[in-house]
K.L.:
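Sharing a structure below in structure tokens format, with a few things to ask.
These values consider heavy atoms only, across backbone and side chains, with no hydrogens, waters or symmetry-generated copies.
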2 protein chains.
Amino acid sequence: MMKQLSILAKIENQMERFSRAEKKIATYIMEHAELVPNMTTKELSRNAGASEASVVRFCKAIGIGSFTALKLALVRELTIADMNINDFSIIEKQDTPYDLFNKVTYVNKAAVEATTTTIDKRELEKAAEAIAKAGKILFYGVGGSAASAMDACYKFTKLGYVSAMSPDFHTMLPLVANLEKGDVFVAISTSGRTKDVLEIARFAKKQDATVIAITKLDTSSPLYKEANIKLCLPDVEQDHRIGSMASRMTQLNIIDALYLITFHRMGSLVLDKFHETREEVVRLRR
Amino acid sequence: MMKQLSILAKIENQMERFSRAEKKIATYIMEHAELVPNMTTKELSRNAGASEASVVRFCKAIGIGSFTALKLALVRELTIADMNINDFSIIEKQDTPYDLFNKVTYVNKAAVEATTTTIDKRELEKAAEAIAKAGKILFYGVGGSAASAMDACYKFTKLGYVSAMSPDFHTMLPLVANLEKGDVFVAISTSGRTKDVLEIARFAKKQDATVIAITKLDTSSPLYKEANIKLCLPDVEQDHRIGSMASRMTQLNIIDALYLITFHRMGSLVLDKFHETREEVVRLRR
DNA sequence: TCTTTTTTTGAAATTTAATTTCTTAATTTT
DNA sequence: AAAATTAAGAAATTAAATTTCAAAAAAAGA
């Protein structure tokens, strides 16, 4: 029922979609998975009969940020396969609540872990830089992503930023209209194809704000293409009837990172104000 | 038969033999093994307080051919050992954004994992039962827990429940006033001592609603004592300056479980309505 | 204690690997 | 068939790992 987070399964599933060179690479990896972690792009490209560039592009195509990340993910997967933990991956009729809880826990843990395969070091640095320089930060996500936007907004408010969010398109419009050059707009959409989010992101860009996208690594999605900075989520898509649970975990993991990075960067400068807030909170304790 | 020593064990064994720089590197690896696979020689050397050359030499010293090989070996080992959770509050001055990201990821993963230590099978079953019988479900959390409440509300609305939430005390009052016997009120407060949440929870109880608490396992907290059903969060140690990030992860993990359990229980009965919603969503695709 | 020798270390240079850019080739669309 | 789009590899760039080498620290011998 719940789809695998497994790299090899993902490759197999997408096999028809792949282009000629990608197919060669995919086939080679499927057949020699255990060798790949010890290879370089040059070796793999030579063995598969494609170019190094295609190897790197292939990684993005399957939603993994870099060749090195693919190698690490493969090692993990092959190690796990040896251990046979995979009975977690399927929900069964006779599952008790506690079984289901354990399965959810496993999936969420794996989802958080998978974020390391899609995050790009430099994009993260760019994001940190942009946020550090921003006057205002807006967050926007709808449906399942609204809660992530809310969480992010709360966190950055705590840091002393002028921050806002709303799951409502019409409320966002005037907020975005007031963005200025150097301000930051964070668009949260796992698919990268949510119309409302896209439209507001374009508007924010027109206002000269820096647009940070928190979205699935999918080079063909409109949000991915539009954004100034891309913080990519792993593709943890699950049963379409259930909807994505784990993807919120990955969104929040990235938001936590942004928060911690900003906090760390501000350093002791803000700690005083921070403590003031805290004391007041304790005093008013509700 | 000679037992194959793991890398970490091997490092520990040889600790006395190491030179000064090697010792620093060994210590860092022992203490942050899970971070090393995503590091470069430069990062590791900086974090450990030694040079890149020493990192490479260290690998040879423990009988591993290259730094890359060490990283792969560590991944294998950690995947098998799968987390010995000790390591919170691990932020250092010189951490780069990417370092911080990896640390957050590790902490969040560990937090999700830790949920398994505090959840009680029977409480979970009671919660599932109560929700199945409920007409309405309310969620209430303030501050950092508001986003969790929002997420939960969205999920249960998708399942066809009459569900509401607000981070605003005054908005909650009339909502709770309309609760009837058998309805469910879910109070989300990690500390279990948030005044607003407590007051509303008491009110809900007076209305004969079933009060489910999502709160830290702490038998002396008022919310823990008041609640009909307790779904307990692990006590994720938190830096008080930073505030809890990981605790939201644990809240959401439990919410995901409740959602999945309810979904599972409803079974195919609702799938039709579910699909209708989905088709409409696709049609209106925004 | 004071050389001398040996070992350890990190800075800089080199080599190797990964990624991006740019151009050409192939494919699809009109 | 022409135009537009997409795919692919060669070459250039950037980043990572490794080696070299000179200086510092420690050990050995006077």
Side-chain angles (χ1 to χ4, degrees), chain A residues 14-29 35-74 116-126 217-222 224-225 229-230 232, chain B residues 14-29 35-74 94 96-99 102:
Chain A
Q14 301 189 44
M15 191 56 100
E16 317 87 70
R17 296 181 198 280
F18 290 144
S19 65
R20 176 118 36 92
E22 285 171 340
K23 238 173 221 152
K24 288 193 216 165
I25 293 164
T27 306
Y28 185 87
I29 293 176
L35 300 178
V36 175
N38 295 311
M39 286 182 165
T40 65
T41 48
K42 197 193 260 179
E43 288 169 323
L44 175 53
S45 64
R46 188 164 35 72
N47 285 324
S51 69
E52 289 186 64
S54 293
V55 169
V56 174
R57 275 191 294 257
F58 174 82
C59 297
K60 315 261 187 209
I62 58 170
I64 290 184
S66 70
F67 181 61
T68 313
L70 171 67
K71 293 198 282 187
L72 291 180
L74 271 177
T116 59
T117 68
T118 49
I119 272 288
D120 186 286
K121 212 177 197 164
R122 272 166 306 169
E123 294 289 300
L124 201 61
E125 274 157 18
K126 282 201 273 174
L217 174 41
D218 169 4
T219 51
S220 70
S221 95
Y224 183 93
K225 287 181 188 159
I229 300 171
K230 311 158 219 303
C232 293
Chain B
Q14 301 190 45
M15 191 57 98
E16 319 86 72
R17 294 181 205 280
F18 291 144
S19 67
R20 175 116 40 94
E22 284 171 340
K23 241 175 215 146
K24 287 194 218 165
I25 293 164
T27 305
Y28 185 88
I29 293 176
L35 300 176
V36 174
N38 293 311
M39 286 183 166
T40 64
T41 49
K42 198 196 261 180
E43 290 168 325
L44 175 53
S45 63
R46 188 169 36 72
N47 284 320
S51 68
E52 290 186 62
S54 294
V55 169
V56 173
R57 276 191 294 256
F58 175 83
C59 297
K60 318 262 187 211
I62 58 171
I64 290 183
S66 71
F67 181 60
T68 313
L70 171 68
K71 292 199 282 187
L72 292 180
L74 272 178
Q94 75 280 16
T96 65
Y98 190 63
D99 289 336
N102 280 311

K.L.:
Report the nucleotide, chosen from dA10(D), dA17(D), dA18(C), that has the shortest atom-to-atom distance to any side-chain atom of Thr68(B).
P.N.:
dA17(D)
K.L.:
dA17(C) P sits how many Å from Leu70(A) CG, rounded?
P.N.:
17 Å
K.L.:
Under 4.0 Å, heavy atoms only, any strand: does Ser66(B) hit a base, just the sugar-phosphate, or nothing?
P.N.:
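Sugar-phosphate only.
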K.L.:
Rounding to a whole Å, what distance do you find between Asn38(A):CG and dA18(C):P?
P.N.:
12 Å
K.L.:
State whether Thr41(A) places a side-chain N or O below 4.0 Å from either non-bridging phosphate oxygen (OP1 or OP2) of dA17(C).
P.N.:
no
K.L.:
To the nearest angstrom, how far is Lys24(A) atom NZ from dA7(D) atom P?
P.N.:
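Lys24(A) atom NZ is separated from dA7(D) atom P by 15 Å.
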K.L.:
Should Lys121(A) and Glu43(B) count as side-chain neighbours, where that means a heavy-atom distance under 4.5 Å?
P.N.:
yes
K.L.:
Where each residue is assigned the nucleotide of DNA chain C containing its nearest heavy atom, which of Arg122(A) and Glu43(A) is assigned the position nearer the 5′ end?
P.N.:
Glu43(A)
K.L.:
Using a heavy-atom cut-off of under 4.0 Å over every strand shown, decide if Ala21(B) touches base, sugar-phosphate, or nothing.
P.N.:
sugar-phosphate
K.L.:
Once you apply a heavy-atom cut-off of 4.0 Å, does Lys71(B) come out as touching a base, just sugar-phosphate, or nothing?
P.N.:
sugar-phosphate
K.L.:
With DNA chain D as reference, determine whether Val56(B) or Ser51(A) sits nearer its 5' end, using the nearest nucleotide of each.
P.N.:
Ser51(A)
K.L.:
Whole angstrom is fine here: how far is it from CZ in Phe58(B) over to P in dT8(C)?
P.N.:
14 Å
K.L.:
Determine whether Leu35(B) and Tyr28(B) make a side-chain contact, defined as any pair of heavy atoms from C-beta on separated by less than 4.5 Å.
P.N.:
yes
K.L.:
Got Leu72(A) and Thr116(A) here, is their nearest side-chain heavy-atom distance under 4.5 Å?
P.N.:
no
K.L.:
What does Arg20(B) touch in the nucleic acid at a heavy-atom separation under 4.0 angstrom: a base, only the sugar-phosphate, or nothing?
P.N.:
sugar-phosphate
K.L.:
Whole angstrom is fine here: how far is it from CZ in Phe67(A) over to C1' in dA17(D)?
P.N.:
16 Å
K.L.:
Do the charged groups of Glu123(A) and Lys126(A) touch, with an N to O distance under 4.0 Å?
P.N.:
yes
K.L.:
The side chain of Ser19(A) is closest to which nucleotide in this list: dT18(D), dA8(D), dA18(C)?
P.N.:
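Among the listed nucleotides, the one closest to the side chain of Ser19(A) is dA8(D).
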K.L.:
If you check the Arg57(A) side chain, which of dG10(C), dT18(D), dA8(D) turns out closest?
P.N.:
dA8(D)
K.L.:
Expressed in angstrom and rounded to an integer, what is the separation of Lys42(B) atom NZ from dA17(C) atom P?
P.N.:
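To the nearest whole Å, that distance equals 19 Å.
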K.L.:
Over how many whole Å does the gap from Glu22(B) atom CD to dT7(C) atom C1' extend?
P.N.:
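Atom CD in Glu22(B) sits about 11 Å away from atom C1' in dT7(C).
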K.L.:
Rounded to the nearest angstrom, tell me the gap between atom NZ in Lys23(B) and atom C1' in dT8(C).
P.N.:
13 Å
K.L.:
For Met39(B) and Asp99(B): C-alpha separation, side-chain torsions, deciding distance, then whether side chain to side chain contact (heavy atoms under 4.5 Å, CB included) applies.
P.N.:
CA-CA 8 Å; Met39(B) 286 183 166; Asp99(B) 289 336; 4.2 Å; yes
K.L.:
Answer with base, sugar-phosphate or nothing: what part of the nucleic acid does Lys121(A) contact at a heavy-atom distance below 4.0 Å?
P.N.:
sugar-phosphate
